[in-house]
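The structure under discussion appears below in the form of structure tokens.
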Amino acid sequence: MNAYAPILVLGALGAGFAIFSVVMAALVGPRRYNRAKLEAYECGIEPTPQPSGGGRFPIKYYLTAMLFIVFDIEIVFLYPWAVTFDALGLFGLVEMLLFALTVFVAYAYVWRRGGLEWD
């Protein structure tokens, strides 16, 4: 139990700070609400009425999300490689170059096909 005591104390401090912040914001914060403050804000774009059931999204949204995930996963693999770069030696360098080349080929393909154009 002694090994977990610092983790429990840190968790308790974090939870206490979160609860304290929410309670103090509710007690001390301003309460002057108007129509503009109660509306949803999305990047300055005026919200438009949506049909019931949501409506259809262009495929570009999904392609952009998938590209984000691909490049995000690449970064996740680059961090451990960068930390243990010295221990891996030439083998690690070649493997990472092959990995980066594979991701670059995918990026070039998407770029060439117009997947990065936002219409």
What residues form a ring-ring contact (aromatic ring centres under 6.0 Å, His included) with Phe104, not counting sequence neighbours?
->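 Residues passing ring-ring contact (aromatic ring centres under 6.0 Å, His included) with Phe104: none at all.
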
Could you state whether Ile73 and Phe71 fall into the same hydrophobic cluster, counting links through intermediate Ile, Leu, Val, Met, Phe, Trp or Tyr residues with side-chain heavy atoms under 4.5 angstrom apart?
->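 Shared cluster, yes.
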
Quiz: residues 76-103 side-chain donor-acceptor pairs under 3.5 angstrom, not counting sequence neighbours:
| from | atom 1 | to | atom 2 | distance (Å) |
| --- | --- | --- | --- | --- |
| Trp81 | NE1 | Gly92 | O | 3.1 |
| Thr84 | OG1 | Pro80 | O | 3.0 |
| Thr102 | OG1 | Leu98 | O | 2.8 |

Please list, one pair per line, the donor and acceptor atoms closer than 3.5 Å that link side chains of residues 2-26 to other protein atoms, with sequence neighbours excluded.
| from | atom 1 | to | atom 2 | distance (Å) |
| --- | --- | --- | --- | --- |
| Ser21 | OG | Phe17 | O | 2.9 |

